[in-house]
Each structure stands twice: as C-alpha cells, then as structure tokens.
2 protein chains.
Amino acid sequence: MAEARNTDTRERILDVAERLFMAHGYDGTSMRQITGEAGVNLAAVNYHFGSKESLIQEVFRRRLDWLNEERMRVLDRLEAEAGGQPVKPSLIVDAFFGTLLRMAEDDARGGMTFLRLLGRTLTEPSEFIRAFLAHEYKEVMDRFKEALFRALPDVPKAEIVWRFHFMLGATSYAIAGTDALRLVTDWQIEEEDSVDRLDRLVPRLMSFLIGGLRAPLPQFDQSGR
Amino acid sequence: MAEARNTDTRERILDVAERLFMAHGYDGTSMRQITGEAGVNLAAVNYHFGSKESLIQEVFRRRLDWLNEERMRVLDRLEAEAGGQPVKPSLIVDAFFGTLLRMAEDDARGGMTFLRLLGRTLTEPSEFIRAFLAHEYKEVMDRFKEALFRALPDVPKAEIVWRFHFMLGATSYAIAGTDALRLVTDWQIEEEDSVDRLDRLVPRLMSFLIGGLRAPLPQFDQSGR
DNA sequence: CTATGATTCAAACGAACGTATGAATTGTGG
DNA sequence: CCACAATTCATACGTTCGTTTGAATCATAG
C-alpha cells in the first residue's frame, strides 16, 4: 500500500499558519489566507488536519512538546545538581522563562514568530485554545510551582502562584512583540536594532522577574482580612 | 425640533457590549448577540453608533476618559506635593496602576468587567483597536514615563521603558481574569472568595511591580555590546 | 504496466456576519 | 392635535467564513 509522505504540504501549511496566526490572531486569519499564501489548495487544511481548530492545536503542539520537555530536562538537571537542597529561585525562573526566550534564537524551533504567537494567544484565544493550552501546560506548570514552593519556604504558596502569574504576564507582553510595545514608546525601535533586541531582552526581563518574585511581601490593608 | 434623548437604548447596548466583548473578544462577539441580549433591534447599533468598530471605541472611551483624567489628577497632586523634587517611584506606579485597579471597585465605572476587557484587549485586538488605544493612551503614557525618568535618574531611560512595558503585561494578565489564571492553578479560586480577591490583588500586584521596577540592572552578556 | 491508495483540485454548500433600507412607531415643540 | 424629527422595527443584501464533495492527478507496490 502507498505510504503517507506529505511532509511538504503539511509543513508549509504549519509554517504559514504560525506566521498568520501570530500576525492576525486565530479568528482574524482565514483558511483562504493560509492556503493561499502556502500555495496549496483550500481543501488541503481539512484533508491534512481535519479542521481549523485542529490546525492551530498542531501549530502549538509542534513547538510546545519540545519546549516543555526541555524545561523539564533543565529542571531535572538543576535539582540533581542541588542534591536534595532547594534550587535557587533565579535558576528556576530561568529554567522556565529563559528556556522559552532562548527558543527565539533558534529559527528551526519557530524563533521569534512562535514566541510572539504564544505570547498573544495566552490572553486572547477563542476559549478552546485556552483550554487546550491549559491542558498541555498542566504537568510542567505543577512541576515548576512545586520547585518554587521548595525554593521559597517562607513565602505563602498563594503568593508564589500569584507571582508566577504576574511573571507570565510580563513575559507574554514582552514577547508578544513590539506592536504592543508601541503603546509605551514610539522611539524604542529606533534605539536598538532588531538584531540585539532579543539578546538584551532576556537579561532585562529576567532581572525584572526576579525582582518581582523576591519583592517584600505585600501588607494587606489595616483591617487584617 | 425633537431632541436626542436615547440614553436608555444606547446605555444598554454599551453595557451588554462591554460584557460580551470581555467574555468573547471583539471578533468573537456578533451584533446579533449584543442586540439580542440587550433586547433592542439589530439595527440599533448601526443607528446609534454607526458601526461595530465605533461601538467598541465608545465602550472604551466611556471608561478610559475618566480613568486617564483621574490618573493625571493624581499625578498632578503628587508632583505638587513633592514641590519640585522627583516623586517616589512607588507613588507613580500606584498613580498609574493603582488608580486602574481601584476602578474595579466602582461598579458605576465598569467595575471588574471593564478591567478584564481592557486587560484582554491590550494584547489581542484587531489592529484598529490597538491603534485606537495607543492614540487614547499617548498623552498619559508620556506624562508617566517622564515622571519615572525624573524619579529614577540613575536608570537608563530604555530600561525604564522596558520595565513599564513589563508592568503593563503583569497587570494586564492579573486583571484579564481568572480564566488565564487557571493556567497556573486550579485551586486558587477556592482558596479565596471572590469578594476579597480584588482587595488582596492590589497590594500583591503592587509589591510585584515595585520589586520589578527597582530590581538590580541587568548585566548584558560578556562581550559588552 | 497496472491497480490502488494517497493527495490535490475546482466548485459548491449552508451558515453567519456587518450593514443598509424603507416603512412603522413614538415622543414632542408649536 | 398636528406635523415633524427621532427612534424602532422586520427584512433583505452582499460577503466571507469553514467545510464538503467527487472527480482528477500522482506515486508506488505487485
């Protein structure tokens, strides 16, 4: 019998879809745009992926599988090196967010395009994408929360979870791209060429995240509750 | 001649649109949903606002006008009290982000619904919304950037702009609602009842933001560039 | 070479969308 | 109460959407 050997069309669709979803969002990108720019027939997406929903899930899975496995590997190594002792918070943050950001330097893994897609999608998606991502992320998220709990035994767990959430938001914005950044500044783009933008973004964001994570605990209002 | 006195239909449309845009996004909300839930005729939106684009702009303007004016008033007062001296960074941050968050306690000003809409929309919107928000925010943004430049004379301006950006992201996520938070945790909702969620969110987020803003400056990689 | 299954293709489907229209209804100043 | 402007209403228009269909083409195992 004949084998499935369609790496070409499939991969071209995934690449174009990734870029268009990044630029215009899920709802804002039509199948006709995707197939048109990919130079394939309109029906190709439904043939190879089944539906538009399955397509974007595959776009994410293609990158996230490796990312989350890599995060686990890094955390495994850190915990092994610590030998029973808690891992330093900054190392945990770097294992989670640094690994993500360093993906952008590897075009073979989606580079900046996928990163920006992920950043945008974490807030905006059409319900089912959030559910999908939450499911895909559950395992790795629990591992990193646990690691932070052990690394910061004096900080209430609820506080750590919130700060993890804040870090996600800051990172999401940072990578969602300069589009959103224009809201803050118009000259930022001119000051730094796009080549070193990423090189500098990583340490910048990391300093901010660690600073926020290690900030003094908040004083809840007088009444105590 | 007869006067325009349509506060009822107009306001009902705005309220419903605000809630639906918050829940399903701009593209994900149809005119038929809006007019249906508002109990008005389908044509009412086009009659009163002209188009769907104009509608969401009015949804934002109704709340943002007051918010940004209030931010300016608070900053004016802080700078007057400082009498020429720079205002403390934490006070500037509170004037910008605290004023925003305290809006959520005032249902007459949109409450949590508008806040979550704003949080979602800052990353995701259909191009023209980002352009609209960037324009609406330009003036107040410049004022607050300038204030931070004066408050932190030793920190490079580019660094401050980035950290402002990170703070926006963290805040956006925090208020975009518990939907996104579920990605981090499943039990968070049970731990705190929704009543005090906001009371505690404000100091929590504020600690994180200040911690990030005042974090040690990043060391750019060895090579110096 | 031929048979068979995998893939591509042009065309069409029904549904949902934002908007426009013109008639009916309502409220009000003169 | 009448005339006129403001508002509401039912209905339709033209587009675009994601998906389906059935035939055409391609690649390969026997």
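Note on naming: letters A, B, ... go to the chains in the order of the sequence lines (proteins, then strands), and numbering restarts at 1 for each one.
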Sorted by chain and number, sequence neighbours left out, side-chain contact (heavy atoms from CB on, under 4.5 Å) with B:N41 holds for B:A43
The side-chain contact (heavy atoms from CB on, under 4.5 Å) partners of A:N46 (sequence neighbours excluded) come to A:M31
A:E136 meets the salt bridge (charged side-chain N to carboxylate O under 4.0 Å, His left out) criterion, sequence neighbours left out, with A:R61
Salt bridge (charged side-chain N to carboxylate O under 4.0 Å, His left out) filter on B:R32, not counting sequence neighbours, yields none
Determine the contact category for A:T35: base if any of its heavy atoms lies under 4.0 Å from a base atom, sugar-phosphate if only primed atoms, P, OP1 or OP2 are that close, otherwise nothing.
nothing
Hey, does B:T29 reach any base, or is it just sugar-phosphate, or nothing, if we go heavy atoms under 4.0 Å? sugar-phosphate
Measure [atom1]/[X] against [atom2]/[N] and give the value in whole Å, please.
| X | N | atom1 | atom2 | result |
| --- | --- | --- | --- | --- |
| B:D27 | D:dT16 | CG | P | 15 Å |
| A:Y47 | C:dG5 | OH | C1' | 9 Å |
| B:K52 | C:dC17 | NZ | P | 8 Å |
| A:D8 | D:dC26 | CG | C1' | 14 Å |
| A:L55 | D:dC17 | CG | P | 15 Å |

- Message: Tell me whether the rings of A:F60 and A:F114 are parallel (<30°), tilted (30 to 60°) or perpendicular (>60°).
- Response: perpendicular
Applying side-chain hydrogen bond (donor to acceptor under 3.5 Å, both in side chains) to A:S90 and not counting sequence neighbours gives none
For [N], does either OP1 or OP2 sit under 4.0 Å from a side-chain N or O belonging to [X]?
| X | N | result |
| --- | --- | --- |
| A:H48 | C:dT8 | yes |
| B:S51 | C:dG18 | no |
| B:S30 | C:dC17 | yes |

In 5'-to-3' order, the base (B), backbone-only (S) or no-contact (-) status of each nucleotide in nucleotides 9-14 of chain D, using a 4.0 angstrom heavy-atom cut-off, is BB-B--
